[in-house]
Student: 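So that we are looking at the same thing, I have put the structure below in structure tokens.
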Amino acid sequence: MVHFTAEEKAAITSVWGKVNVEETGGEALGRLLVVYPWTQRFFDSFGNLSSASAILGNPKVKAHGKKVLTSLGEAVKNLDNLKVTFSKLSELHCDKLHVDPENFRLLGNVLVVVLAIHFGKEFTPEVHAAWQKLVTGVASALAHKYH
Amino acid sequence: RDTSGSFYEFQASPSSEQGGHRTVYPVKTSLSLLPRLFTSYPQTKTYFPHFDLHHGSAQMHAHGAKVVSAIGDAVKNIDNIKSALSKLSELHAYILRVDPVNFKLLSHCLLVTVAAHFPAEFTAEAHAAWDKFLSIVSSVLTEKYR
């Protein structure tokens with residue numbers, strides 16, 4: 001199980017407090033689809049994904065990104081209990097959505113890059129590392145119920 | 001190609017459009033690269049038992065700058081990365097033997113470093129180009145492993 005130190009928790013919650021969930025979610029999901037185009041395979045129903053600007057402007061991408069990041073907010077509130085927090089979502093991603101867990105790692109890393117863009121110098125190596133730990137923990141929790 | 005090339009000019013001189021190659025900015029941006037790698041992925045420190053790994057160590061600065069400079073060489077020779085990095089490829093295969101998984105980790109940290117320093121320039125397209133470029137560099141550096 002992932003254990004976060006007090007400093008790591010502080011780094012995570014202080015950054016989270018300043019995040020615009022709607023914008024950041026759309027940005028992160030959009031970048032995932034741009035940087036790793038094969039991830040578009042899950043979003044055939046999303047309409048125009050033909051270019052970076054189409055993807056980043058796509059309302060379905062933005063809405064879904066917001067949904068995903070809102071769910072990450074649950075992780076931030078339950079840092080000591082990630083596996084339980086994501087148990088149902090894990091089953092969903094395996095049984096209904098059929099998403100390779102590697103995609104959780106890719107999205108987590110894209111989110112970290114987006115945070116670096118927004119926070120710049122404030123995103124120090126220590127803050128960065130705390131967030132890497134979080135996204136790794138979330139990815140692992142989401143993969144936990146796979147069978 | 002366009003994004004990586006002009007981006008290295010951003011690294012060299014963010015204020016000018018042409019971008020003369022000054023050494024100041026690559027050094028600046030390289031400063032947090034290794035600290036990020038070692039803090040997020042402590043297992044990578046196992047390759048540096050001989051280094052002083054404290055924040056701000058001269059060895060770390062120098063090594064970070066070396067890495068960024070080599071990547072700069074690859075950018076300048078983006079159509080022939082294999083030949084530009086040939087010696088480094090041999091070094092990594094026969095002497096350093098860094099496990100291939102670590103190139104992904106360092107590449108990610110480089111993306112974060114660049115994103116933090118150049119938020120406006122690091123668009124989704126630039127991000128995609130850099131990720132692709134670094135993945136090719138990593139491939140070249142590990143291609144002689146076996």
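Here is the naming used below: chain letters follow the sequence lines, and residue numbers restart at 1 for every chain. No hydrogens, no waters, no symmetry mates; every other heavy atom, side chains included, goes into these values.
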Student: Decide whether B/Leu85 and B/Leu110 are clustered together by the hydrophobic rule: side chain heavy atoms of Ile, Leu, Val, Met, Phe, Trp, Tyr closer than 4.5 Å, transitively.
Tutor: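 As far as the 4.5 Å side-chain criterion goes, B/Leu110 and B/Leu85 are connected within one cluster.
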Student: Could you list the residues that satisfy ring-ring contact (aromatic ring centres under 6.0 Å, His included) with B/Phe51, not counting sequence neighbours?
Tutor: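 For B/Phe51, the residues satisfying ring-ring contact (aromatic ring centres under 6.0 Å, His included) (neighbours in sequence not counted) are B/Phe48, B/His63.
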Student: Would one find more than 12 heavy atoms of other residues, nucleotides or ligands at under 6.0 Å from atom NZ of B/Lys144?
Tutor: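 It does: B/Lys144 NZ has more than 12 such atoms within range.
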Student: Verify the cluster assignment for A/Phe104 and A/Val84: are they in a single hydrophobic cluster under the rule of side-chain heavy atoms below 4.5 Å apart?
Tutor: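 In one cluster with A/Phe104: A/Val84, no.
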Student: Do A/Leu56 and A/Val21 share a hydrophobic cluster, counting only Ile, Leu, Val, Met, Phe, Trp and Tyr and linking them when any side-chain heavy atoms are less than 4.5 Å apart?
Tutor: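 No.
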Student: Taking the side chain as every heavy atom from C-beta outward, state whether B/Phe118 and A/Ile117 have any pair of such atoms under 4.5 Å apart.
Tutor: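 When only atoms from C-beta onward are counted, A/Ile117 and B/Phe118 do not touch, as no gap falls below 4.5 Å.
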Student: What about B/Val101 and B/Val112, same hydrophobic cluster or not, with Ile/Leu/Val/Met/Phe/Trp/Tyr joined at side-chain heavy-atom distances under 4.5 Å?
Tutor: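 Result: no, two separate clusters.
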Student: Record all donor-acceptor atom pairs with a distance under 3.5 Å between chain B and chain A; write none if the list is empty.
Tutor:
from     : atom 1 : to       : atom 2 : distance (Å)
B/Arg36  : NH1    : A/Phe123 : O      : 2.9
B/Arg36  : NH1    : A/His128 : ND1    : 3.2
B/Arg36  : NH2    : A/Phe123 : O      : 2.8
B/Tyr41  : OH     : A/Gln132 : NE2    : 3.0
B/His55  : NE2    : A/Glu126 : OE2    : 2.8
B/His108 : NE2    : A/Asn109 : OD1    : 3.3
B/His108 : NE2    : A/Gln132 : OE1    : 2.6
B/Phe122 : O      : A/Arg31  : NH1    : 3.1
B/Phe122 : O      : A/Arg31  : NH2    : 2.8
B/Thr123 : O      : A/Arg31  : NH1    : 3.4
B/His127 : ND1    : A/Arg31  : NH1    : 3.1
B/Asp131 : OD2    : A/Tyr36  : OH     : 2.7

